[in-house]
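As structure tokens, the structure follows; a few thoughts come after it.
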Amino acid sequence: MDLVSTISGSNMENFFPAGWDLKKIDACVDDDPQAIGKKQKWWHKDFQLIECTSPTDFDTYMGHEIALTIKNAKDAGEQCALILPVGPMGMYRWAVFFLKEWGVDCKHVHGFNMDEWSDEKGTTLPGSAPGSFQNAMEDAFYGPLGKLTVPKRQRNFATKRVLPNYADKIGELREAGAKLTVIFGIGRVCHIAFWEPQFAGEFESEADWKAATHRIGANLHPLTIEQNAVTSFKSRTTLVPCFANTIGPGLFLGADKIIGGADGTFSRGMQWQGLSLWMTLRHEPTPWIPSTFMPTHPGKLFYLDELAGPLVAECN
């Protein structure tokens with residue numbers, strides 16, 4: 001007895017994205033946690049899965065990778081375009097640490113926050129609001145860098161005025177020789193940024209889906225709302241907006257390099273991200289599961305080993 005065998009006639013029957021095959025999704029999970037690193041035929045040859053045995057290791061390794069990307073661009077005399085998430089977050093403290101330790105200034109860095117909470121029309125919270133992603137980035141990354149920080153004019157946030165210009169700005173930087181690095185987490189419904197899986201049903205072809213650069217006032221999936229309630233709003237679902245401005249696959253699939261992170265564990269063996277990680281790695285790429293395209297790019301995905309499982313029932 002499980003979800004698949006009992007879903008008919010239940011309140012869950014039409015809950016998941018229409019393109020999800022639940023049996024196929026469940027088959028993505030291997031009972032052997034060590035099998036999670038088995039390369040799939042669609043993975044890029046330079047895609048690496050990096051196991052981390054503690055949250056501290058995760059934050060340090062991922063922060064080092066971000067800082068090294070910035071340093072390498074500086075050493076090469078190149079501009080550096082970064083698409084930045086709010087979630088995961090702990091790696092920013094270590095990115096700041098390494099950049100300060102190495103004395104690397106970030107005048108060559110152009111930051112593009114991948115999303116921001118909004119209402120249906122794309123109006124966002126004030127940048128100084130405690131729940132805004134802009135405020136989170138200023139507190140975690142831009143502010144702590146001090147005199148080494150990214151110039152304010154090169155910090156881009158996903159407001160309804162600025163987000164539509166991301167594609168042109170990034171395009172101009174790349175034409176001038178900049179590399180684009182996409183830093184990301186994986187959502188409960190396997191979104192990248194707030195590009196939700198149900199959006200796939202709105203496009204006539206995969207090519208059209210891949211061309212979409214952004215969305216203003218994106219309608220979020222209920223699982224996204226609840227994920228953020230438990231990870232960012234102290235379980236208070238009533239505080240979570242139902243919409244967000246977000247980049248689309250036209251930007252996050254244009255990466256020269258990816259730096260991903262999956263750290264979705266709680267205490268006492270509880271977690272929320274294990275299935276999403278297995279789906280990302282084992283399901284063939286499909287617009288109905290946006291994160292499945294990320295292993296097709298060169299770069300690294302850091303993950304907490306606990307997420308590999310075994311994903312079995314445990315009454316916590």
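Note that these values count all heavy atoms, side chains included, but never hydrogens, waters or copies made by symmetry. All of these numbers come straight from a predicted model, not from anything done at the bench.
In this structure the side chain of L49 reaches within 4.5 angstrom of the side chain of I36, judged on heavy atoms. For the pair I289 and P197, the minimum side-chain heavy-atom distance is 4.5 Å or more. The shortest side-chain heavy-atom distance between F184 and I259 does not fall under the 4.5 Å cut-off. Side-chain contact between K100 and L148 is present, with heavy atoms from C-beta onward closer than 4.5 Å. Residues L223 and F16 form a side-chain contact, since some pair of their non-hydrogen atoms from C-beta on lies under 4.5 Å apart. Side-chain atoms of L275 and I25, non-hydrogen and from C-beta on, do get closer than 4.5 Å to each other. Side-chain contact between W20 and M279 is present, with at least one heavy-atom pair separated by less than 4.5 Å. Counting only heavy atoms from C-beta outward, the side chains of L180 and L251 never approach each other to under 4.5 Å.
Heavy atoms of other residues, nucleotides or ligands lying less than 6.0 angstrom from CG of N11 number 12 at most. The number of heavy atoms from other shown groups lying within 6.0 Å of NZ (K39) is above 12. A 6.0 Å sphere centred on CG of D31 holds no more than 12 heavy atoms belonging to other residues, nucleotides or ligands. Remark: K257 NZ is packed, more than 12 non-hydrogen atoms of other residues, nucleotides or ligands lying under 6.0 Å away. In the displayed structure, E204 atom CD is contacted under 6.0 Å by at most 12 heavy atoms of other residues, nucleotides or ligands. No more than 12 heavy atoms of other residues, nucleotides or ligands sit less than 6.0 Å from atom OH of Y61.
A salt bridge between E284 and K24 is present, with a side-chain N of the basic residue lying under 4.0 Å from a carboxylate O of the acidic one. A salt bridge does not link R215 to E196: none of the charged side-chain nitrogens sits closer than 4.0 Å to a carboxylate oxygen. We find that K147 and D105 are not joined by a salt bridge, their nearest charged nitrogen and carboxylate oxygen being 4.0 Å or further apart. Residues E101 and K71 are not paired through a salt bridge, judged by the lack of any N-O separation under 4.0 Å between the basic side chain and the carboxylate.
The main-chain N or O of L220 is never found under 3.5 Å from a side-chain atom of T224 such that the two would form a donor-acceptor pair. Checking side-chain atoms of Q154 against main-chain N and O of K107 turns up a donor-acceptor pair under 3.5 Å. Within the 3.5 Å criterion, the main-chain N or O of V86 finds no donor-acceptor partner in the side chain of Y92. Checking side-chain atoms of D256 against main-chain N and O of K179 turns up no donor-acceptor pair under 3.5 Å. Side-chain atoms of D30 never come within 3.5 Å of backbone atoms of A35 as a donor-acceptor pair (strictly under, hydrogens ignored). Side chain of N316 to backbone of E314: a donor-acceptor contact under 3.5 angstrom is found. The closest donor-acceptor contact from the side chain of D26 to the backbone of L22 lies at 3.5 Å or more, if one exists at all. Between the E138 side chain and the Q134 main chain, no donor and acceptor come within less than 3.5 Å of each other. Side-chain atoms of S5 do not come within 3.5 Å of backbone N or O of M1 as any donor-acceptor pair. Judged by distance alone, with hydrogens and angles left aside, the side-chain atoms of H108 form a donor-acceptor pair with the main-chain N or O of I70 at under 3.5 Å.
Aromatic pair H297/W42: centroids not less than 6.0 angstrom apart. Aromatic ring centres of H221 and F15: separated by under 6.0 Å. For W117 and F243, the ring centers are positioned 6.0 Å apart or more.
The minimum heavy-atom distance between T280 and S291, with the atom names listed, is OG1-OG, 2.7 Å. Closest approach of A81 and F112 over heavy atoms only: CB-CE1, 4.4 Å. Between C190 and P290, the shortest heavy-atom contact is O-CD, 3.4 Å. When all heavy atoms of F194 and A218 are compared, the closest pair comes out as O-CB, 4.4 Å. The minimum heavy-atom distance linking W272 with I186 is given by the pair CH2-O, 3.6 Å. Heavy-atom minimum distance, G261 versus L301: N-CD1, 3.5 Å.
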Criterion side-chain contact (heavy atoms from CB on, under 4.5 Å) on M114 and L84, from CA distance to verdict: CA-CA 6 Å; M114 57 172 45; L84 300 163; over 6 Å; no
Is there a side-chain hydrogen bond (donor to acceptor under 3.5 Å, both in side chains) between K160 and N245 once you walk through the steps? CA-CA 7 Å; K160 62 182 177 181; N245 296 338; over 6 Å; no
Show the numbers, then the answer: is there a side-chain contact (heavy atoms from CB on, under 4.5 Å) between T213 and Y166? CA-CA 8 Å; T213 58; Y166 275 22; over 6 Å; no
Output, in order, the C-alpha distance, side-chain angles, deciding distance and verdict of side-chain contact (heavy atoms from CB on, under 4.5 Å) for M91 and I66. CA-CA 8 Å; M91 71 283 188; I66 294 169; 3.6 Å; yes
Candidate pair E226 and R188, rule salt bridge (Lys or Arg N to Asp or Glu O under 4.0 Å), full reasoning: CA-CA 9 Å; E226 195 57 17; R188 174 74 172 145; over 6 Å; no
Can you list the steps and then say if C80 with K74 is a side-chain contact (heavy atoms from CB on, under 4.5 Å)? CA-CA 8 Å; C80 179; K74 188 76 170 182; over 6 Å; no
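In summary, of the residues considered (L82, T149, L145), a side chain to side chain contact (heavy atoms under 4.5 Å, CB included) with C106 occurs for L145 alone.
One distance of note links CD of Q273 with OG1 of T231; it measures 9.5 Å at 0.5 Å rounding. To the nearest 0.5 Å, the span separating CG on L307 from CD on Q271 amounts to 5.0 Å. Atom CZ of residue F233 and atom CD of residue Q227 lie 11.5 Å apart, to the nearest 0.5 angstrom. Within the model, atoms CD1 of I83 and CD1 of I183 stand 9.5 Å from one another, a figure rounded to the nearest 0.5 Å. In this structure, CG in N14 is found 8.5 Å from CD1 in I7, a value given to the nearest 0.5 Å. Put simply, CE on M137 and CZ on F157 are 7.0 Å apart, with the number rounded to the nearest 0.5 Å.
Taking the six-membered ring where tryptophan is involved, the planes of F47 and W43 are perpendicular, since the angle between them exceeds 60° and thus also 30°. Using a 30° and 60° split on the angle between ring planes, W209 and W195 fall in the perpendicular class, above 60°.
Cluster annotation: F266 is not connected to I225 through the hydrophobic network of ILVMFWY side chains, with a link wherever side-chain heavy atoms come within less than 4.5 Å.
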